[in-house]
Amino acid sequence: MAVVEPRRSILEPTHEVRNQPPPLVHFNVFEQDRPLVEALEREGGGWAADRARAVGQISGGEALEWGRQANENPPVLRTHDRYGNRIDEVEYHPAYHKLMEVSVSHGLHSLPWTEERPGAHVARAAMFMVMGQAEGGHECPISMTYSAVPALRSTPELADEWVPRLTSTSYDPRLVPAADKAGSLFGMAMTEKQGGSDVRANTSVARPLNGGGAGAEYELTGHKWFCSAPMCDAFLVLAQADGGLSCFLLPRVLPDGARNTFRIQRLKDKLGNRSNASSEIEFAGAWTRMVGEPGRGVPTIIEMVNHTRLDCVLGSTAGMRAGVAQATHHTAHRSAFGKILAEQPLMQNVLADLCIESEAATVTAMRLARAYDSSGDEREVMFRRLATAVSKYWICKRAVVHAGEALECFGGAGFVEESGMPRLYREAPLNSIWEGSGNVICLDVLRGMARTPQATEVLMDEIEQGAAVERRLRTYLEGIQAELSDFEGIEARARRIVERLAIALQASLLVRYGDPAVADAFCVSRLESDWGRAFGTLPGGIDFQAIIERHTPHL
Ligand SMILES: Cc1cc2nc3c(=O)[nH]c(=O)nc-3n(C[C@H](O)[C@H](O)[C@H](O)COP(=O)(O)OP(=O)(O)OC[C@H]3O[C@@H](n4cnc5c(N)ncnc54)[C@H](O)[C@@H]3O)c2cc1C
């Protein structure tokens, strides 16, 4: 008689799940970021620590799941209603609206304009970075709304009408006349098919309806090749007019309730940033009003662009901090070859190097935000003229390789969507592209140095303050000065120069304000070049453990 083997229950476990880290959830993103907590206080935003803590709790809590949902369910374009009428609406997942609600209600789009007290830009910068770690895509309209205010102020009658709407902390996503809404959001549309960096090549045309000039009505015809967050209530748009390229305010809904002729042709299928809709649009005689003077489109909108460039710095810094938090957490709980990864010498070198890059970005981003707080101080205005572009170039560039290395700390798990690391990786290149791609930014720095020598002096003074206490920075600075005094082929050397300026600025800030072990490791690797071409190539003699401990979040 055959022996019948007992069948194994399908519920019977085949193995025990071991050596898997606990998820990094329910932690305070702000509180656990020591360089950020210190910088908020140092740069004058300490009064907002409780607010940052409140945002940090949400960002490390329920917002993580909203971030996942908003990216896995990207926005959908509805061009027409069921009867064939054009509606040009974009439908977002409810999780996106929740993210927007949190950011708007905490004033991430408006705080410095409603609380004009010292440290307001710094406070907002900290909260923007904290929330960006949960989800970066929704911060695009948050940033554009914050940044539109200084540009609108060039035309007081438009500012009087719109700034109170933009600074409201009520999130109201309805597509109805702005006057009927609890709060409004702003976008910008500059880039056209034939040119994004070179906006002077714009072909969209605006025709005056009753005389023209600042604040007057115009009818706009043309297109834009990239227009993010097209459900915003209004946009700053560049178009050709009598007098040259000019800036216009284009509302999506007209004051009488009819929809403006803002046609959304399609949404871009993007590498990352998937929660955020980026569209191609056409204007068929759209109703607009001129912002600033005729022919002054670029100087008018540059006020907005400077602030969105600051936010690119903040966004990339946030991405690096998210990578550090994830990588230090994962490796603190995962073993290989019988030992915790974060305790193994070579992994410690990688982690410490990632932490150093993240801390350098944090001190720089927060110092830069302080310069935006001091608009009445000519030196600070000069500082931000160059430091914004210098920092944007370098920090946004570093974020890309940083994300790849942070991802690798997870091994295979980092390549899997559930870890959140692929989203971080896909998001990373974006800040370097928009608001001036790498080369354009570097050329802008050269132009700024040539046109505004005082701005160069102020930036050099800031670096000097660190060089006064750090010999290695002094030597590095001499190298920069030699590079700058040679004009032969300087355009081709623009990246080289800007990279060095950025590293010198970061070193100056770290030696004065950063953790001493971090500052020393930064100087030996980035200034003395005792370093390789990948992260994890720091020389011996550095206290890796102390650096990693400083940056590891504790649940
Ligand atoms: C996801 C996403 C969302 C966006 N949202 C918006 C939006 O809401 N509104 C908006 O107006 N735009 C938006 N943009 C467009 C973005 O600002 C442009 O793509 C960017 O400014 C570059 O312009 P371009 O694509 O035309 O590239 P180009 O201008 O063709 O540049 C291509 C490359 O050439 C380089 N380059 C340009 N000039 C020089 C030079 N003189 N010397 C050397 N190199 C040079 C650039 O650095 C770049 O690397 C968005 C882009 C993306 C990816």
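Being a predicted model, the structure only gives us computed values, none of them experimental. We use all heavy atoms of the structure for the numbers below, so side chains are in, but hydrogens, waters and symmetry mates are not. Remember, it's 1-based here, ligands and their atoms both numbered in the order they're listed. The first residue of the sequence shown is numbered 1, and numbering continues consecutively from there.
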- prompt: Of the backbone atoms (N, CA, C, O) and the side-chain heavy atoms from C-beta on, which set of Cys140 has a member under 4.0 Å from an atom of ligand 1: side chain, backbone, both, or neither?
  reply: neither
- prompt: Do Asp444 and Arg309 sit within salt-bridge range, that is, some charged N less than 4.0 Å from a carboxylate O?
  reply: yes
message: I'd like to know if Glu280 and Arg266 make a salt bridge, using a cut-off of under 4.0 Å between side-chain N and carboxylate O.
response: yes
field: Ser197 and ligand 1 - part of the residue with a heavy-atom distance under 4.0 Å
entry: both
statement: for atom 22 (C) of ligand 1, nearest protein heavy atom and its distance come out as Ser437 OG, 3.6 Å
query: How about atom 33 (C) of ligand 1: does it have a protein heavy atom within less than 4.0 Å?
result: no
field: ligand 1 N/O within reach of Asn273 N/O, cut-off under 3.5 Å
entry: no
message: Heavy atom to atom 6 (C) of ligand 1, shortest distance: which of Trp225, Phe226, Phe235 holds it?
response: Phe226
Under 3.5 Å: N/O of Cys227 near N/O of ligand 1: no
message: Around atom CD of Glu408, are there more than 12 heavy atoms from other residues, nucleotides or ligands closer than 6.0 Å?
response: no
query: Taking the six-membered ring where the residue is Trp, are the ring centres of Trp162 and Phe186 under 6.0 Å apart?
result: yes
field: NZ or CZ of Arg370 within 45° of Phe383 ring axis and under 6.0 Å
entry: no
field: Option among His138, Gln69, Glu135 that satisfies the side-chain hydrogen bond (donor to acceptor under 3.5 Å, both in side chains) test with Ser275
entry: Glu135
- prompt: So does Arg384 pair up with Asp373, basic N to acidic O under 4.0 Å?
  reply: no
statement: Exactly one candidate in Arg252, Arg259, Arg78 meets salt bridge (charged side-chain N to carboxylate O under 4.0 Å, His left out) with Glu89; the answer is Arg259
query: What part of Lys224, side chain, backbone, both or neither, has a heavy atom within less than 4.0 angstrom of ligand 1?
result: neither
task: Check whether any N or O atom of Lys270, backbone or side chain, sits under 3.5 Å from an N or O atom of ligand 1, and answer yes or no.
output: no
- prompt: So is there a nitrogen or oxygen of Met190 less than 3.5 Å from a nitrogen or oxygen in ligand 1?
  reply: yes
message: Is the distance between the ring centroids of His109 and Tyr171 under 6.0 Å?
response: no
message: If the contact criterion is a heavy-atom separation under 4.0 Å, does Gly187 count as touching ligand 1?
response: no
statement: Of Ile433, Val199, Asn276, the residue with the heavy atom nearest atom 21 (O) of ligand 1 is Ile433
query: Backbone, side chain, both or neither: what part of Ala189 comes under 4.0 angstrom of ligand 1, heavy atoms only?
result: backbone
message: Is the contact between Leu443 and ligand 1 made by the side chain, the backbone, both, or neither, using heavy atoms and a 4.0 Å cut-off?
response: side chain
message: Can you tell whether the side chains of Arg68 and Glu72 come within less than 4.0 Å, N to carboxylate O?
response: yes
query: Can you list the atoms of ligand 1 that are under 4.0 Å from a heavy atom of Leu430?
result: 1 (C), 2 (C), 52 (C), 53 (C)
message: If you measure every N or O of Ser278 against every N or O of ligand 1, does any of those distances drop under 3.5 Å?
response: no
